[in-house]
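Notes follow the structure.
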Amino acid sequence: MTYPVISVRPGVDIFYAMPGNTQENRPLLTGGDPSQDPELARPPPTQTANEEEEVDDEQDDNEGLTASGHHIDDSHQQTTSCETLIHLIKGNIGTGILAMPDGLKNSGLYTGTILLPFIAAICIHCMHILIKCAHELKERLGVGGLDYAEVGYHAFSTGPSPLRRFAPLARSILNTFLTITQLGFCCVYVVFIAANVKQVVDCKLPGNEMDIHGYMAFLIIPVLAIAMIRSLKVLAPFSLISNVFLGLGLAITFHYLLTDVPSSYDRPEFKSWNQLPLFLGTSIYAFEGIGVVLPLERKMTAPEDLRGFNGVLNTGMILVTCGYIAVGFFGYLKYGDAVHGSITLNLPPGDNLAQLVKILMAVAIYLTYSLMLYVPAEIMWPHLKPRFHSHKARRIGEYVFRAFLVLCTFVLAAAIPNIGLFISLVGAMSSSTLAIIFPPIMELVTFWPRVTKFTIIKCATMCTFGILCFITGTYTSIKAIVEYFEHSNDPQPKFVC
């Protein structure tokens, strides 16, 4: 029997947690004074009656499952290499793949096709770096079950002496960008659902003049309802349905992309340097699945199979990269500069099968919204929970806080109702930090002073590339958003079914 893997986007998965990896069960530092690390030396806190009641209630909700950082793992069921490969592919394919044709619109057909494997190689190598740092820190501290933010914290807390005081800051930065990334995904989801539903309704109800903001307003109540679900066990079936709908939608989408394909000579090979950062933001957004590798490795019966030249990680990510290239290449080749932020919006609006794809994709994304919201809620709520003094007040407070987060994502989505620009902004601003900038820094800090000159040059180069993507991508995305608003009142092509 295998336990369900809960998909956080589609794009990131949440796994059931490992009870043995809680802080209380971790061994102390080996070969040193435990007081050197306050996280490990801190005695377990005593619990009040209200806290014990709350813990019991949370265990009833999740059947003893514990949320920790970005992912939640299960200790009772190990996975084979084949199962891990499936989870890895599923954890890296989501809304980003639907935006790849829009990415190539900003780079050019062949420029984007050539750059995608290059960006993939960097992101995959950063995943290997994260795994290597986690292994080193586990051996150094005698702990297990580290998530991304904990790897960053312990890398600095046990690294060079001058940098140890920055350990809490490192963890805070990582958690902040995890929160920004996940909330950004939620904003993209709102725009995605509203845009696809709008096309379907506009074709079925001719003469309907409601704009996308009206559809967002209708979505508030359903999204608030699913966002109030706190139990991962309850959310698991929604994730399974979402994955099925996503797979069907992609298969049907390829049917349209491979029909009546025009000549590649009709598409520019390279667009412009000014637009290239938008492509970088979109592609990094799509490849931002670095947080999934550590929980996947923990679940494997043979963790060593994940790494290596022909390991599960390289094999899975190569397949993912091929999928991105295929959708991006044929999507842009098919629709050219008319391509939208999601390729589903380019499918024939009057075709019933195409309308079915939009409905399937919209429902799939809707069903995963609460799982996307789970991560920022788990990161931020513990800081607010002490302000409430009873279990009932804390429960109500958490629901109100979740509703506040949902409304924030709707406000941001309504402010920038453009999928492509939102994806580029999130990818450049937060995904580049998690996927490219921080892993090389952690490698240098973790292994210093044993790093070679080659490693220093390699890490400095990758970090510089990530910072360049961050600065240029964020600037270009914000500039494009400003231009989008400046031309928002210009006559738009009439939507024809």
Side-chain angles (χ1 to χ4, degrees), residues 8 12 14 17 21-24 26 37-59 61-62 65-73 145-157 164-187 224 227-232 235 291 295 369-412 426 429-430 433-434 438:
V8 181
V12 175
I14 282 184
N21 282 339
T22 58
Q23 191 66 46
E24 290 79 3
R26 291 175 181 168
D37 191 337
E39 287 293 314
L40 297 175
R42 184 183 298 126
T46 57
Q47 291 182 329
T48 63
N50 283 335
E51 289 173 337
E52 290 177 353
E53 179 185 356
E54 182 174 355
V55 169
D56 291 339
D57 186 73
E58 289 177 351
Q59 289 176 344
D61 282 342
N62 294 328
L65 307 177
T66 307
S68 176
H70 193 39
H71 300 284
I72 301 167
D73 197 11
L146 299 178
D147 61 21
Y148 195 164
E150 288 173 338
V151 171
Y153 172 83
H154 290 300
F156 277 83
S157 65
R164 292 181 182 178
R165 65 179 183 272
F166 297 112
L169 177 62
R171 180 166 54 189
S172 297
I173 291 175
L174 286 171
N175 280 331
T176 298
F177 278 102
L178 283 171
T179 301
I180 294 173
T181 301
Q182 298 300 112
L183 290 178
F185 291 156
C186 288
C187 296
L224 278 173
M228 294 301 109
I229 301 176
R230 300 165 55 249
S231 172
L232 295 175
L235 291 173
Y369 181 97
S370 184
L371 291 166
M372 292 295 297
L373 196 71
Y374 191 93
V375 174
E378 286 297 312
I379 291 175
M380 291 188 287
W381 174 244
H383 299 284
L384 300 175
K385 188 165 62 174
R387 298 176 180 270
F388 302 88
H389 302 294
S390 68
H391 172 62
K392 182 178 180 180
R394 288 181 177 180
R395 173 63 65 89
I396 296 174
E398 184 174 2
Y399 283 134
V400 172
F401 177 66
R402 283 173 168 266
F404 171 75
L405 291 180
V406 171
L407 293 178
C408 286
T409 62
F410 270 84
V411 169
L412 291 173
V426 174
M429 187 172 63
S430 56
T433 304
L434 297 174
F438 238 89

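All heavy atoms count here, side chains included; hydrogens, waters and symmetry mates do not.
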Min side-chain heavy-atom separation Arg402-Val406 under 4.5 Å: no
Separation between OG of Ser172 and OH of Tyr153, rounded to the nearest 0.5 Å: 10.5 Å
Approximate separation, where rounding is to 0.5 Å, of Ile379 CD1 and Ile180 CD1: 10.5 Å
Approximate separation, where rounding is to 0.5 Å, of Ile396 CD1 and His391 NE2: 10.0 Å
Pairwise distance CZ(Phe156) to CZ(Arg165) - rounded to 0.5 angstrom: 11.5 Å
Ala149 versus Leu174, closest heavy-atom pair with distance: CA-CD1, 3.8 Å
Residue pair Ser157 / Ala167: nearest heavy atoms and the distance that separates them: N-CB, 3.6 Å
Residues in side chain to side chain contact (heavy atoms under 4.5 Å, CB included) contact with Leu407, at least two apart in sequence or another chain: Ile220
Nearest heavy atoms of Ala403 and Met228, plus distance in Å: N-CE, 3.6 Å
Over all atoms of both residues, closest heavy-atom pair of Ala227 and Ser370: CA-OG, 3.8 Å
Residues which pass side-chain hydrogen bond (donor to acceptor under 3.5 Å, both in side chains) with Thr409, listed by chain and number, not counting sequence neighbours: Tyr369
Non-hydrogen atoms of Pro376 and Gln182 that approach each other most closely: CD-CB, 3.6 Å
Closest non-hydrogen atom pair between Pro382 and Ala377, with its separation: CD-O, 4.0 Å
Beyond-backbone contact of Cys408 with Phe404, side-chain heavy atoms, under 4.5 angstrom: yes
Residue list, side chain to side chain contact (heavy atoms under 4.5 Å, CB included) with Phe401, at least two apart or on another chain: Met380, Trp381, Leu384, Leu405
Phe410 side, atom CZ; Cys187 side, atom SG - distance, nearest 0.5 Å: 9.5 Å
Donor-acceptor contact below 3.5 Å, side chain Tyr148 vs main chain Leu434: yes
Ionic contact status for Glu398 with Arg394, cut-off 4.0 Å: no
From Leu178 atom CG to Ile173 atom CD1, the distance as rounded to the nearest 0.5 Å: 12.0 Å
Partner set under side-chain hydrogen bond (donor to acceptor under 3.5 Å, both in side chains) for Thr433, not counting sequence neighbours: none
